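Quantities reported herein were computed from a predicted structural model and do not represent experimental measurements.
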Amino acid sequence: MKKTLCAAALAASLSAAGTAAGADFDFSGSFANDNDVLRFNFTLGAPGVVTLFTSSWLGGGFDPIVSVWDGSGNQLAEQDDGFPGGSQVSNGTLFDYGEFDSYLALNLAAGDYLATLTQYDNFSVSTALADGFLRDADPNFTAAFGCSNGRFCEGSLLDSNNNPVEPNRTAAWEFHIVNVDSAQAATVPEPPTLMLLGLSGLFMLGGRYAKPKNGSRYLCGEPSAGSEKISAALHPNNAPARIA
């Protein structure tokens with residue numbers, strides 16, 4: 001079964017496939033603005049490993065960030081890049097994902113969860129969903145990274161082989177949630193957080209270069225191959241890790 005949900009504010013076409021327990025759900029569409037935030041609700045009836053990944057980078061889409069939250073809006077994981085890339089089956093189809101796509105495999109308890117999809121570097125402000133995202137006040141923030149299109153820009157990004165990445169990306173995204181009982185895309189985008197108006201200027205960049213993979217803010221490392229990519233690592237203070 002396939003159904004399409006329309007989010008007028010995002011100009012995004014969302015399609016979901018899958019109806020049974022332990023099913024896979026595939027969504028796709030296009031952002032309207034650089035700082036769009038898409039929400040996806042999903043449910044597990046029993047504990048298990050849930051895989052969430054994007055597959056749009058290789059087709060020219062923007063650099064996505066996937067975050068996972070529990071039913072109370074507490075962050076469990078946030079990931080930018082699923083380096084080194086690979087393939088994953090969803091609904092019987094093999095999807096390729098690139099090194100700048102996102103990939104998470106989480107061992108989750110039964111319950112209700114939320115996933116959010118944003119564009120780099122629109123990370124969450126904190127581990128509380130209610131606090132919003134860094135770029136909520138700036139709908140055209142990637143223009144500062146630099147590209148002729150002036151939106152959905154990558155700037156002077158280099159891949160893992162030190163090759164330059166095409167700076168002009170598209171608004172397209174593809175997102176997959178594998179092995180859950182149910183999943184659906186919300187029809188309303190994440191509302192802007194007014195308190196971030198003063199913060200947005202702190203994150204403006206003159207240009208974009210290879211993304212930082214070290215430092216105190218992110219937990220770094222290459223995911224292992226196969227379905228054992230469990231990315232719910234914790235910092236020593238038990239705060240959810242941000243996986244770059």
(request) Calculate, to the nearest 0.5 Å, the distance between atoms CH2 and CG belonging to Trp69 and Leu76 respectively. (result) 9.0 Å
(message) In the structure I gave you, are the side-chain heavy atoms of Val125 and Asp136 within less than 4.5 Å of one another anywhere?
(response) no
(message) Quick check: do Phe145 and Leu157 have side-chain heavy atoms less than 4.5 Å from each other?
(response) no
(request) Could you tell me whether the side chains of Ser124 and Gln75 share a donor-acceptor contact shorter than 3.5 Å? (result) yes
(message) Taking the side chain as everything from C-beta on, heavy atoms only, tell me whether Gln88 gets closer than 4.5 Å to Asp101.
(response) no
(message) Does Phe141 form a side chain to side chain contact (heavy atoms under 4.5 Å, CB included) with Leu134? I'd like the steps, not just the answer.
(response) CA-CA 10 Å; Phe141 71 85; Leu134 295 179; over 6 Å; no
(message) Would you say Glu78 and Ser67 are linked by a side-chain donor-acceptor pair, where the criterion is simply a distance under 3.5 Å?
(response) yes
(request) Apply side chain to side chain contact (heavy atoms under 4.5 Å, CB included) to the pair Asp121 and Arg135, showing each step before the final yes or no. (result) CA-CA 8 Å; Asp121 60 357; Arg135 303 293 191 166; 2.9 Å; yes
(request) Nearest 0.5 Å please: distance from the OG1 atom of Thr54 over to the CD1 atom of Ile65. (result) 10.5 Å
(request) Might you point out which heavy atoms bring Pro167 and Cys147 nearest each other, and give the distance in Å? (result) O-CB, 3.7 Å
(message) Can you confirm whether Phe53 sits close enough to Ser55 that some side-chain heavy atom of one is under 4.5 Å from a side-chain heavy atom of the other?
(response) yes
(message) Donor-acceptor pair, distance only, cut-off 3.5 Å: does the side chain of Gln79 make one with the backbone of Tyr103?
(response) yes
(request) Test side chain to side chain contact (heavy atoms under 4.5 Å, CB included) on Leu129 and Arg39 and set out the steps. (result) CA-CA 11 Å; Leu129 179 61; Arg39 300 169 59 134; 4.1 Å; yes
(message) Once rounded to the nearest 0.5 Å, what's the spacing between atom CZ of Phe31 and atom CG of Leu117?
(response) 4.5 Å
(message) Once rounded to the nearest 0.5 Å, what's the spacing between atom CG of Leu108 and atom OG1 of Thr43?
(response) 11.5 Å
(request) Please answer whether the main-chain N or O of Gln184 pairs with a side-chain N or O of Asn41 as donor and acceptor at a distance below 3.5 Å. (result) no
(request) First locate atom OG of Ser102, then atom CH2 of Trp57, and finally report the distance between them rounded to the nearest 0.5 Å. (result) 11.0 Å
(request) Indicate the atoms forming the closest heavy-atom contact of Gln119 with Thr142, along with that distance. (result) OE1-CG2, 3.6 Å
(request) Provide the closest heavy-atom pair for Asn168 versus Ser148 in the form atom of the first, atom of the second, distance. (result) ND2-OG, 2.8 Å
(request) Give a yes or no on whether the backbone of Asp70 and the side-chain of Asn74 come within a donor-acceptor separation of less than 3.5 Å. (result) no
(request) Compare all side-chain heavy atoms of Asp63 with those of Glu154 and state whether any distance is below 4.5 angstrom. (result) yes
(message) For the backbone of Phe152 and the side chain of Asp34, can you confirm whether one donor and one acceptor N or O come within less than 3.5 Å of each other?
(response) yes
(request) Compare every heavy atom of Ser87 with every heavy atom of Leu94, then report the nearest pair and how far apart it is. (result) CD1-CB, 3.6 Å
(message) Taking Cys153's backbone N and O only, do any of them form a donor-acceptor pair with Arg169's side chain (distance below 3.5 Å, no angle check)?
(response) no
(message) Testing the basics here: between Ser30 and Ala172, what is the closest heavy-atom pair and its distance to 0.1 Å?
(response) OG-CA, 4.0 Å
(request) Determine whether Trp173 and Pro64 make a side-chain contact, defined as any pair of heavy atoms from C-beta on separated by less than 4.5 Å. (result) no
(request) Work out which heavy atom in Ala183 is nearest to a heavy atom in Ile177; give both atom names and the distance. (result) CB-CD1, 4.2 Å
(message) By the definition side chain to side chain contact (heavy atoms under 4.5 Å, CB included), identify the one residue from Asn179, Val68, Asp112, Asp181 that meets it with Phe42.
(response) Val68
(request) Please round to the nearest 0.5 Å and tell me the distance separating atom CZ of Phe83 and atom OH of Tyr97. (result) 11.5 Å
(request) Report yes if the side chains of Asp26 and Phe95 come closer than 4.5 Å at any heavy-atom pair, otherwise no. (result) yes
(request) Using only heavy-atom distances, determine whether the side chains of Asn35 and Asn122 contain a donor-acceptor pair under 3.5 Å. (result) no
(message) Are the side chains of Asp159 and Phe100 in contact, using a 4.5 Å heavy-atom criterion?
(response) yes
